[in-house]
Amino acid sequence: MATGFPDLNWFQISKHHAAVHRMHPKNKSGIAGMLFALFASLSGFSQSNYSRQIAAHREEYKAEFLKSAKSPLKKEDLKNLHFFEPDSNYRVEAAVQRTPAAEPFELPTYDGQKKTYVSYAVLTFQLNGKPHQLTLYRSLQLARLPQYRDYLFLPFKDATNGHETYGGGRYLDLRLGDLKDGKVQIDFNKAYNPYCAYSDGYACPIPPRENHLTVEMKAGEKNYGKAN
C-alpha cells in the first residue's frame with residue numbers, strides 16, 4: 001500500500017502483524033486495534049497532504065486567469081469558481097497504448113471553428129473497480145511552438161455534465177514526460193473548464209464521442225457561478 005512514507009519500516013510492522021496469531025485473544029485484539037489505528041492515521045495524513053497539494057494547484061490555476069489579456073475572468077470573478085472536494089480515488093494510473101499510425105483530424109470547437117489534432121495514445125484505467133478508456137491527443141498547431149511541443153490534451157465528458165459541471169465537458173493537460181514505462185497518472189481532481197464555460201467567443205474543442213464517459217467524475221472543477 002502506497003503511503004507517501006518511504007522511510008517507514010514496513011518489515012517491522014509485518015513481523016508484529018504475524019505475531020498477532022500467536023497471542024492471547026485479549027492481546028490479539030489489542031494489537032489488531034493498534035495496527036488498524038496506525039494504518040487509519042497514515043491514510044488520513046496522506047489524504048490531508050494530498051488535499052493541500054490540490055488546494056495549492058487550484059490557487060495557481062486561479063492566478064493564471066489574471067496573467068492573460070485574453071482571459072474571460074477578472075479578479076472579482078474568481079470567487080465564482082467552484083470545485084469538488086479533493087479525492088485521491090480520482091487519481092488513477094492508466095496503461096498507455098501509443099497510436100503512432102493515427103492520421104490527423106479536424107476537431108470541431110464550440111464556436112464553429114476546427115482545430116487539427118492527432119491521436120497520441122489510448123489510456124486504459126480502472127475507477128471504482130470498473131474499466132474505462134480515453135484517447136489522449138496532440139495539437140499539431142501547438143506542437144510547432146517550442147514552449148508547447150511536449151503538451152498533450154485530454155478532453156472528456158462524463159455524467160455530471162449539465163448538472164454539477166459544465167455541459168460542454170472538461171479538460172486535462174499532460175506532458176510527454178508524464179508518460180513513463182507505458183503508464184501515466186491521470187488526476188481528475190485537476191480537470192478544468194474550457195473558457196467557453198465562462199464566456200462566448202472562444203474556440204473550445206468539443207470532446208470527441210470516444211471520450212464520453214458514462215460514469216460521474218465528481219472531481220475537478222464544477223459549474224461556474226454555482227456553489228453546488
Side-chain angles (χ1 to χ4, degrees), residues 1-4 40 42-65 72-73 77-96 110 120-137 151-175 177-180 183-198 204-228:
M1 180 178 68
T3 64
L42 291 175
S43 177
F45 185 89
S46 180
Q47 177 63 38
S48 176
N49 186 51
Y50 175 71
S51 296
R52 287 194 293 270
Q53 293 175 16
I54 293 299
H57 171 82
R58 290 172 177 175
E59 288 305 312
E60 293 177 6
Y61 169 71
K62 292 177 184 179
E64 287 297 319
F65 283 103
L73 301 181
D77 300 319
L78 299 184
K79 65 180 180 296
N80 295 319
L81 295 176
H82 305 287
F83 305 87
F84 288 99
E85 289 297 318
D87 186 346
S88 59
N89 290 317
Y90 288 97
R91 180 182 55 180
V92 300
E93 183 179 75
V96 178
Y110 282 112
Y120 187 83
V122 174
L123 310 181
T124 304
F125 59 95
Q126 294 269 338
L127 183 67
N128 296 326
K130 296 182 178 180
H132 301 282
Q133 184 173 286
L134 290 171
T135 299
L136 184 62
Y137 304 96
Y151 271 61
L152 298 172
F153 181 51
L154 188 62
F156 70 95
K157 284 189 174 186
D158 69 274
T160 66
N161 295 160
H163 305 286
E164 294 173 283
T165 63
Y166 175 58
R170 293 177 291 168
Y171 301 159
L172 281 166
D173 295 327
L174 297 173
R175 294 195 173 192
D178 295 328
L179 282 61
K180 300 176 182 178
K183 303 287 185 181
V184 67
Q185 187 178 90
I186 309 174
D187 194 342
F188 289 98
N189 291 278
K190 296 180 180 180
Y192 65 92
N193 288 337
Y195 275 8
C196 297
Y198 316 118
C204 308
I206 301 173
R209 182 159 295 278
E210 60 192 0
N211 276 16
H212 291 193
L213 298 169
T214 58
V215 297
E216 292 184 328
M217 283 293 181
K218 290 180 173 290
E221 189 169 358
K222 292 185 175 183
N223 275 323
Y224 174 69
K226 297 180 181 180
N228 49 15

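In this chain, residues are counted from 1 in sequence order. In what follows, every heavy atom counts, from backbone to side chain, and hydrogens, waters and symmetry copies are set aside.
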Problem set entry | Counterpart residues, side-chain hydrogen bond (donor to acceptor under 3.5 Å, both in side chains), relative to Arg91 (two or more places apart) | none
Problem set entry | Qualifying residues under salt bridge (Lys or Arg N to Asp or Glu O under 4.0 Å), relative to Lys190, sequence neighbours excluded | none
Exercise. Can you list the residues that meet the side-chain hydrogen bond (donor to acceptor under 3.5 Å, both in side chains) rule with Asp178, with sequence neighbours excluded?
Worked result: none
Exercise. Quick one: side-chain hydrogen bond (donor to acceptor under 3.5 Å, both in side chains) partners of Tyr171, sequence neighbours excluded?
Worked result: none
Exercise. For the side chain of His132 and the backbone of Thr214, is there at least one donor-acceptor N/O pair under 3.5 Å apart?
Worked result: no
For this session: Please list, chain by chain and in numerical order, all residues satisfying side-chain contact (heavy atoms from CB on, under 4.5 Å) with Gln126, sequence neighbours excluded.
Result: Pro131
Problem set entry | Worked verdict on Ile54 versus Asp187 for side-chain contact (heavy atoms from CB on, under 4.5 Å) | CA-CA 10 Å; Ile54 293 299; Asp187 194 342; 3.8 Å; yes
For this session: Can you measure from CG (Leu123) to CD1 (Ile186) and round to the nearest 0.5 angstrom?
Result: 4.5 Å
Exercise. How far does NZ of Lys218 sit from CD of Glu85, to the nearest 0.5 angstrom?
Worked result: 12.5 Å
Exercise. Excluding sequence neighbours, so at least two apart, what forms side-chain contact (heavy atoms from CB on, under 4.5 Å) with Glu210?
Worked result: Thr135, Tyr137, Pro208
Exercise. Does the side chain of Val184 come within less than 4.5 Å of Leu136's, by heavy atoms?
Worked result: no
Problem set entry | Lys/Arg-Asp/Glu bridge criterion (N-O < 4.0 Å) met for Glu221, Arg170 | no
Problem set entry | Minimum-distance pair of heavy atoms, taken over all atoms of Pro207 and Gly169 | CG-CA, 4.4 Å
For this session: Not counting sequence neighbours, which residues clear side-chain hydrogen bond (donor to acceptor under 3.5 Å, both in side chains) with Tyr151? List them please.
Result: Arg175
For this session: Please list, chain by chain and in numerical order, all residues satisfying side-chain contact (heavy atoms from CB on, under 4.5 Å) with Leu134, sequence neighbours excluded.
Result: Phe125, Leu154, Phe156, Phe188, Asn211, Leu213
Exercise. From Leu127 CG over to Glu216 CD, what is the distance, rounded to the nearest 0.5 angstrom?
Worked result: 11.5 Å
Exercise. Passes side-chain contact (heavy atoms from CB on, under 4.5 Å), His163 versus Thr160? Steps please.
Worked result: CA-CA 6 Å; His163 305 286; Thr160 66; 5.6 Å; no
Exercise. Say you draw a straight line from CZ of Phe84 to OH of Tyr90; how long is it, rounded to the nearest 0.5 Å?
Worked result: 8.0 Å
Exercise. Could you go step by step and tell me if Asp77 and Tyr224 meet the side-chain contact (heavy atoms from CB on, under 4.5 Å) rule?
Worked result: CA-CA 10 Å; Asp77 300 319; Tyr224 174 69; 3.4 Å; yes
For this session: For the pair Asp87 (side chain) and Asn189 (backbone), establish whether a donor and an acceptor sit closer than 3.5 Å, ignoring hydrogens and angles.
Result: no
For this session: Would you confirm whether Tyr110, through its side chain, and Gly168, through its main-chain N or O, come within 3.5 Å as a donor-acceptor pair?
Result: yes
For this session: Apply side-chain contact (heavy atoms from CB on, under 4.5 Å) to Lys62 and list each qualifying residue two or more places apart in sequence or on a separate chain.
Result: Glu59, Leu78, Leu81, Phe83
For this session: Would you please name every residue forming a salt bridge (Lys or Arg N to Asp or Glu O under 4.0 Å) with Glu93, sequence neighbours left out?
Result: none
Problem set entry | Residues forming a ring-ring contact (aromatic ring centres under 6.0 Å, His included) with Tyr120, sequence neighbours excluded | none
Exercise. With no hydrogens and no angle check, is any side-chain donor or acceptor of Asn161 less than 3.5 Å from a backbone partner on Tyr166?
Worked result: yes
Seminar exercise, completed: Looking only at heavy atoms, the pair that brings His82 and Asn223 closest together is CD2-O, 3.9 Å
Exercise. Between NE2 of His212 and NZ of Lys157, what distance do you get to the nearest 0.5 Å?
Worked result: 4.5 Å
Exercise. Just wondering, do Pro86 and Gln53 contact through their side chains at under 4.5 Å, heavy atoms?
Worked result: no
Seminar exercise, completed: Heavy-atom nearest pair, Thr124 first then Gln133, reads OG1-OE1, 3.8 Å
For this session: Hey, can you tell me if Tyr192 and Tyr61 have their rings parallel, tilted or perpendicular (30° and 60° cut-offs)?
Result: tilted
Exercise. So does Lys180 have more than 12 non-hydrogen atoms from other groups sitting under 6.0 Å from NZ?
Worked result: no
